[in-house]
Amino acid sequence: MMSECTHDCSTCGEACAHRNQPESLIAEPHELSHVKKVIGVVSGKGGVGKSMVSSLLACAMRRRGAETAVLDADITGPSIPKAFGIHERAGANEMGIFPVLSSTGIKVMSVNLLLENETDPVVWRGPILAGTVKQFWQEVIWDDVDYMFVDMPPGTGDVPLTVFQSLPLSGIVIVTSPQELVSMIVEKAVKMAELMHVPVLGLVENMSYFECPDCGKKHEIFGESHIEEIAAAHDIKAVAKMPIDKDLAAACDAGNVESIIVNYLDPICKALEE
Ligand code: ADP
C-alpha cells in the first residue's frame, strides 16, 4: 500500500485491501495512434448484419466529416475488406503496421489484409485470435481517428472478452434481427456490457421489415418488432431499424458499401456525436 492511501486506485497499482476498482487491463495503443472514440459493434450470433452495420456507421460518420476506422475483430469470419472492395495487403515497416485506406479515406485493418491469400481460412485457437485483435490495437499505426468501429465476432467468447478488457471502449452498438430480439441473446449482450462497465449506445434491429417496391407496404417478414420495449427495458436511448434491402446486400457484395447513402442508422450516428 502507498504510505498515504488516497483511495484513488487509478493512480496506484497496489493490490491492497483498500482497492476499490479492478486493475485495468486496457492496452496502450501504438504511440503514433490518436483514437478518440472506440465503438464495439456486437451481436449474439452471426449473420445478423453486424459487419454491414459496422461498415455503414463508418461511412455515415465519415460523410459527417469525421475521420473513421474499422478494426475487423471477426478474425475467423472477416468480411469488412470485401464490403469496401479492398483486396490489397496491408503494409508494414519497423515502426508498425499500416491500415489500408478505403476509397473515401476510411482506415481498415483485418486479418484478410495480412494473409497471403484472402481465401485462406484462419484456423487458430482462441488465445491466438484474441492476441491478434490486441495486436491490431497496439501495433497498427492508426494515426488520427475520431471514431473507430470494432466489428466483433458474435457471442461472448475469448475475442469479445479481449476487446472489452483491452480496448478503451466508449460504448457498444448491439445489432440484432427481429427473431433474436425475442430471445435471451440481446439480454446477454447487454449484461456483458454492464459487467464490463461499458455503456450500450444503441440498438439496431436489422432485417426489421421489407418494404414492397410496388405498393410501399411494410411487411415484418421475421415477425413483429419488439425493439422499442427491449430498448426501454435497458434504458437504451438510440434505436434504429434497418429493412431487408437487396441494394444494401448487392453493394456490400460488390465492395461498394461506401456508395450506399441510407438514413436508417441516423439515430445511432446522432448518439455517437453526442
Ligand atoms: P454478420 O457480420 O452479423 O455475420 P453480415 O453483415 O456479414 O453479418 O451480413 C450477412 C449477410 O446479410 C451479408 O451477405 C449481408 O450483405 C446481408 N445483409 C445484412 N443486412 C442486410 C439487409 N438489411 N438487407 C439485405 N441484406 C443484408
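Numbers here simply count residues along the sequence, with the first being 1. First listed ligand is number 1; within each ligand, the first listed atom is number 1.
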Where is the nearest protein heavy atom to [atom]: which residue, which atom, and how far?
{"atom": "atom 15 (C) of ligand 1", "answer": "Met52 CE, 4.0 Å"}
{"atom": "atom 25 (C) of ligand 1", "answer": "Asp245 O, 3.2 Å"}
{"atom": "atom 8 (O) of ligand 1", "answer": "Gly49 N, 3.1 Å"}

Any protein heavy atom lying closer than 4.0 Å to atom 13 (C) of ligand 1?
-> no

Can a salt bridge be assigned to the pair [X] and [Y] using a cut-off of 4.0 Å between side-chain N and carboxylate O?
{"X": "Glu118", "Y": "Arg89", "value": "no"}
{"X": "Lys50", "Y": "Asp74", "value": "yes"}
{"X": "Arg64", "Y": "Asp266", "value": "yes"}

Do Ser177 and Glu205 get their side chains close enough for a donor-acceptor pair, meaning under 3.5 Å?
-> no

Short N or O distance, [X] and ligand 1, threshold 3.5 Å exclusive:
{"X": "Ile244", "value": "no"}
{"X": "Pro243", "value": "yes"}
{"X": "Asp151", "value": "no"}
{"X": "Asn206", "value": "yes"}

Measure the shortest side-chain to side-chain distance between Phe164 and Val159 over non-hydrogen atoms and say whether it is less than 4.5 angstrom.
-> no

List every atom of ligand 1 that sits less than 4.0 Å from any heavy atom of Leu248, numbering the atoms from 1 in the order shown and giving each element.
-> 23 (N)

State the atoms of ligand 1, each with its element, that fall below the 4.0 Å cut-off from a heavy-atom position in Lys50.
-> 1 (P), 2 (O), 3 (O), 6 (O), 8 (O)

Kindly check if the number of other-residue, nucleotide or ligand heavy atoms within 6.0 Å of CD1 (Ile26) is above 12?
-> yes

Flag yes if more than 12 heavy atoms outside Lys191 fall under 6.0 Å of its NZ atom; otherwise flag no.
-> no

Is it true that the NZ or CZ of Lys37 lies under 6.0 Å from the centre of Tyr147's six-membered ring and within 45 degrees of the ring axis?
-> no

Filtering Ala250, Ala249, Gly47 for the heavy atom nearest atom 1 (P) of ligand 1 leaves Gly47

